[in-house]
There are 2 protein chains.
Amino acid sequence: MTATPHSASILLRKLERFGTFSEVERRAITELPVTIRSLGAGQDIVRDHERQSHCCLMLDGWASRYQVCSRGKRQIFSFHIPGDLTDYQSLHLPANDYSVCTLTSAIVAFIPHERLHELISIFPQIAVALWRDAHVDAAISRSWLVGMGVRTACEALAHLLCELYVKLEAAGLAANLRYHLPITQGVLADALGLSNVHVNRVLSELRTRGIFTLSNHVLQIHNWNDLTRYCDFDPSYLHLVPQIAEA
Amino acid sequence: MTATPHSASILLRKLERFGTFSEVERRAITELPVTIRSLGAGQDIVRDHERQSHCCLMLDGWASRYQVCSRGKRQIFSFHIPGDLTDYQSLHLPANDYSVCTLTSAIVAFIPHERLHELISIFPQIAVALWRDAHVDAAISRSWLVGMGVRTACEALAHLLCELYVKLEAAGLAANLRYHLPITQGVLADALGLSNVHVNRVLSELRTRGIFTLSNHVLQIHNWNDLTRYCDFDPSYLHLVPQIAEA
DNA sequence: CGGGAGGTTGAAATCACTCAATTAGAGTGG
DNA sequence: CCACTCTAATTGAGTGATTTCAACCTCCCG
């Protein structure tokens with residue numbers, strides 16, 4: 001564990017999507033005291049039902065919120081990429097209803113709740129940006145509900161991969177309709193409420209249909225418009241402006 | 001449309017679950033200027049992609065957030081009962097990703113965004129209570145994700161009915177393991193991602209198993225512990241304390 | 001070279017859907 | 001008070017989607 005200044009600048013970059021800040025506000029965010037930790041893949045960061053004293057900011061790698069039901073099956077609620085706060089809920093509620101684990105090896109920054117509370121009370125603009133981020137998070141959950149409720153397995157998977165493209169692109173981690181997807185088919189299955197066998201079949205069907213190709217953890221989208229039309233993807237719920245470059 | 005003072009006291013009652021307020025704060029909430037409207041069943045209150053200037057507070061009746069996909073199927077995201085704010089997201093984001101409609105005839109209060117923004121900026125305790133309410137809302141979405149992803153149709157339906165019991169009880173609208181459920185099986189189906197035919201079969205299976213009885217829109221739970229054990233219901237995500245009276 | 005995790009494929013079984021027909025109940029007009 | 005109508009609930013039969021179980025492959029890493 002080491003404390004490094006300016007690690008929180010990745011948070012600033014993210015929050016600036018949701019509002020413009022003064023120089024003072026910017027400095028307040030980047031100078032948040034953080035504790036950096038390097039974690040292996042598959043490690044829990046936050047555990048269900050526990051009270052937290054810190055919020056967790058992803059600096060590198062992927063993580064997910066999830067819950068394991070009594071029969072042992074896992075439901076993944078969200079994927080988190082660098083710049084994401086994984087558990088701002090813990091800022092306001094005494095206990096979490098989910099766990100958070102890394103999906104890859106990762107570097108995370110823990111920010112003390114007290115400092116975030118100070119930040120919010122002193123700088124209303126920052127509070128608004130956090131509100132917006134939280135609302136987008138909720139909108140993503142709703143989008144996943146649509147996927148499981150009304151979309152076919154193919155459409156749901158395609159829609160999720162669109163969503164990840166737009167998020168990654170906004171974070172500077174994807175371009176040219178291609179990105180690194182460092183998770184297994186089993187993880188996708190747990191997110192979509194499908195079996196890993198079926199995710200495999202769905203992926204090969206989408207490959208056959210020429211919609212995209214996923215191999216060696218690299219996703220290559222062939223045509224953005226075809227893909228979004230196919231799965232009825234409307235990025236407005238993410239409140240990001242995708243800069244789609246037609247390949 | 002009429003403006004009535006003190007209609008917002010139902011909002012106060014709800015928010016007081018999430019924090020204690022001073023007399024000044026209480027007054028500020030109850031004296032929010034509201035516009036009351038009486039609506040029939042099945043009317044839209046908020047429409048997808050539109051910008052709102054007011055938040056909608058349920059005074060009487062039920063409403064739901066929903067989205068209709070391109071193939072015409074509807075996914076319901078949440079149910080709202082008296083005391084609920086249906087769209088605080090509109091306070092911070094320029095456009096909604098869902099619509100809101102009444103499920104029964106209803107009375108709703110519209111509160112201007114500007115007044116809510118004032119309230120939040122002047123009274124941090126009220127802002128915290130709103131944060132908490134928003135987080136519980138997100139936790140409910142996650143719970144529905146678990147229902148569609150890992151639970152069987154029977155368990156998911158039973159779990160939803162548990163959730164509604166706890167919410168209604170906290171609002172003083174249910175007691176003695178019984179409540180009025182003023183929605184059709186088709187609405188339940190759209191919430192659970194099932195067909196209305198299957199909801200019907202699942203209901204009759206649960207009735208046969210003696211878990212609960214739903215007839216004439218009255219739900220009677222036979223034994224709370226049996227029910228919660230059956231569907232793996234843990235109410236902690238609602239951050240309410242259920243006062244279950246064993247029948 | 002061996003082990004293990006993840007990916008792929010096939011076959012059978014299950015869950016839930018669609019389609020279609022029937023019943024029940026609430027409201028309406030004559 | 002009775003037909004009429006509409007919506008919701010119910011039931012049956014057949015279909016389709018997805019799961020489970022099992023086997024096998026592949027690749028990476030030690």
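All chains are named by letter (A, B, ...) in the order of the sequence lines, taking the proteins before the strands, and each is independently numbered beginning at 1.
Residues A/Gln89 and A/Asp97 form a side-chain contact, since some pair of their non-hydrogen atoms from C-beta on lies under 4.5 Å apart. Within the 4.5 Å cutoff, the side chain of B/Phe233 has heavy atoms near those of the B/Val166 side chain. B/Pro82 places a side-chain heavy atom less than 4.5 Å from the side chain of B/Leu173.
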Output a table of donor-acceptor pairs, distance under 3.5 Å, between side-chain atoms of residues 154-161 of chain A and any protein atom two or more places apart or on a different chain; print 'none' if there are none.
unit_1, atom_1, unit_2, atom_2, d
A/Glu155, OE1, A/Thr152, N, 3.1
A/Glu155, OE1, A/Thr152, OG1, 3.4
A/Glu155, OE1, B/Arg71, NH2, 2.6
A/Glu155, OE2, B/Arg71, NH2, 2.6
A/His159, NE2, A/Arg151, NH2, 3.4

For residues 45-57 of chain B, dump all side-chain donor-acceptor pairs below 3.5 Å to protein atoms at least two apart in sequence or in another chain.
unit_1, atom_1, unit_2, atom_2, d
B/Arg47, NE, B/Asp44, OD2, 3.3
B/Asp48, OD1, B/Tyr98, N, 3.3
B/His49, NE2, A/Asp234, OD2, 3.3

Going by atom type alone, with no hydrogens or angles, which donor-acceptor pairs under 3.5 Å involve a side-chain atom of residues 190-197 of chain B and a protein atom two or more places apart or on another chain?
unit_1, atom_1, unit_2, atom_2, d
B/Asp190, OD2, B/Arg74, NE, 2.8
B/Asp190, OD2, B/Arg74, NH2, 3.1
B/Ser195, OG, B/His198, N, 3.2

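We find that CG of A/Asn196 is positioned 9 Å from P of C/dG7, with the value rounded to whole Å. The CD atom of A/Glu205 sits 13 Å away from the P atom of C/dT9 (whole-angstrom rounding). A straight line from CG of B/Asp190 to P of C/dC17 spans 11 Å, rounded to a whole angstrom. In this structure, the NZ atom of B/Lys73 is 14 Å from the P atom of C/dA16, given to the nearest Å.
For B/Thr184, the side chain to side chain donor-acceptor pair (under 3.5 Å) criterion is met by no residue, not counting sequence neighbours. Applying the ring pair (Phe, Tyr, Trp, His ring centres under 6.0 Å) rule to A/Tyr66 yields no partners; only residues at least two apart in sequence or on another chain are considered. Taking A/Arg209 as the reference, A/Glu205 meet the side chain to side chain donor-acceptor pair (under 3.5 Å) condition, with sequence neighbours excluded. Taking the side chain to side chain donor-acceptor pair (under 3.5 Å) definition, one finds that A/Ser78 meets it with A/Arg65, A/His80, sequence neighbours left out.
With a heavy-atom cut-off of 4.0 Å to chain A, the contacted part of DNA chain D has its first and last nucleotide at D/dT18 to D/dC21.
Within residues 152-162 of chain A, no residue places a heavy atom under 4.0 Å from DNA chain C. Remark: A/His217 in residues 206-217 of chain A come within less than 4.0 Å of DNA chain C through at least one heavy atom.
Side chain of B/Tyr165 to backbone of B/Tyr179: no donor-acceptor contact under 3.5 angstrom is found. Under a 3.5 Å cut-off, the side chain of B/Thr104 and the backbone N or O of B/Trp62 do form a donor-acceptor pair.
Each end of the helix from C/dC1-D/dG30 to C/dG30-D/dC1 gets its own axis from five base pairs, and the two axes differ in direction by 40°, given to 10 degrees.
When the side-chain nitrogen and oxygen atoms of A/Asn200 are compared with OP1 and OP2 of C/dT8, one or more of them lie within a distance under 4.0 Å.
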Give me the distances for all protein-to-nucleotides 10-14 of chain C N/O pairs that come in under 3.5 Å?
unit_1, atom_1, unit_2, atom_2, d
C/dG10, N7, A/Arg201, NH1, 3.2
C/dG10, O6, A/Arg201, NH2, 3.2
C/dA11, N6, A/Arg201, NH2, 3.1

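Atom CD of B/Gln220 sits about 6.5 Å away from atom CG of B/Leu177, to the nearest 0.5 Å.
Taking every heavy atom of both residues into account, A/Gly40 and A/Gln43 meet most closely at N-OE1, 2.7 Å.
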